[in-house]
Amino acid sequence: MSESVTTSGVRDISVASAFSGMRSVAPVVFRAGCPDCRGRFELAAGALRLAIGGSSRTTFYSFTCPDCGAAVRKPAGERVVELLTGGGVRTLRLQVP
């Protein structure tokens with residue numbers, strides 16, 4: 001590892017050294033359920049969409065059930081929005097008239 005100590009006592013390391021021990025990160029998956037067929041499954045972030053509206057009534061996430069093909073839409077509270085956006089789910093902001 002390439003590092004040195006500066007005159008201020010702070011260690012100076014290269015970017016390559018800082019990231020040399022990192023490994024690839026496992027993709028995020030979300031557990032979901034279908035209200036139509038009652039199927040339970042895991043979905044990758046790319047299979048979900050999040051729409052953020054002006055109120056809790058217009059904020060929701062959606063996906064297509066991999067078991068029965070139904071279009072599923074569920075409300076998304078603050079915590080769900082935080083988890084989905086943090087997990088890389090694509091987000092659409094709805095304009096309020």
Side-chain angles (χ1 to χ4, degrees):
M1 186 174 345
S2 169
E3 76 179 58
S4 61
V5 178
T6 64
T7 55
S8 62
V10 177
R11 289 178 185 234
D12 189 341
I13 62 173
S14 70
V15 172
S17 296
F19 291 101
S20 66
M22 293 186 72
R23 294 187 170 80
S24 64
V25 178
V28 175
V29 292
F30 298 93
R31 291 188 193 140
C34 177
D36 289 353
C37 72
R38 304 265 189 240
R40 296 293 225 187
F41 37 83
E42 291 183 342
L43 297 171
L48 295 155
R49 297 292 176 266
L50 174 63
I52 300 176
S55 71
S56 60
R57 291 182 52 191
T58 58
T59 300
F60 60 90
Y61 65 98
S62 62
F63 58 91
T64 300
C65 175
D67 293 344
C68 72
V72 179
R73 179 175 160 167
K74 295 187 174 186
E78 288 181 34
R79 180 69 177 141
V80 171
V81 168
E82 183 180 313
L83 291 170
L84 294 176
T85 56
V89 172
R90 281 191 254 168
T91 303
L92 171 67
R93 294 208 179 265
L94 304 175
Q95 290 185 351
V96 179

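Residues passing the side chain to side chain contact (heavy atoms under 4.5 Å, CB included) test with Ala51, sequence neighbours excluded: Phe60, Leu94. Thr91 is linked by a side chain to side chain contact (heavy atoms under 4.5 Å, CB included) to Leu50, Ile52, Thr85, counting only residues two or more places apart in sequence or in another chain. Not a single salt bridge (charged side-chain N to carboxylate O under 4.0 Å, His left out) links Arg40 to another residue, sequence neighbours left out. Evaluation of the side chain to side chain contact (heavy atoms under 4.5 Å, CB included) rule for Pro75 yields no partner, not counting sequence neighbours. The side chain to side chain contact (heavy atoms under 4.5 Å, CB included) check on Ala45 picks up Phe30, Val89, with sequence neighbours excluded. For Arg38, there are no side-chain hydrogen bond (donor to acceptor under 3.5 Å, both in side chains) partners at least two apart in sequence or on another chain.
When all heavy atoms are compared, the tightest approach of Gly33 to Phe41 is C-CZ, 4.1 Å. When all heavy atoms of Thr59 and Gly53 are compared, the pair lying nearest together is OG1-N, 3.1 Å. Nearest heavy atoms, Cys34 versus Val72: SG-CG2, 4.1 Å. In plain terms, the two heavy atoms of Tyr61 and Ala76 that are nearest each other are CD2-CB, 4.0 Å.
Other residues, nucleotides and ligands contribute only 12 or fewer heavy atoms inside 6.0 Å of the CD atom of Glu78.
In this structure a side-chain-to-backbone donor-acceptor pair under 3.5 Å is present from Thr58 to Ser55.
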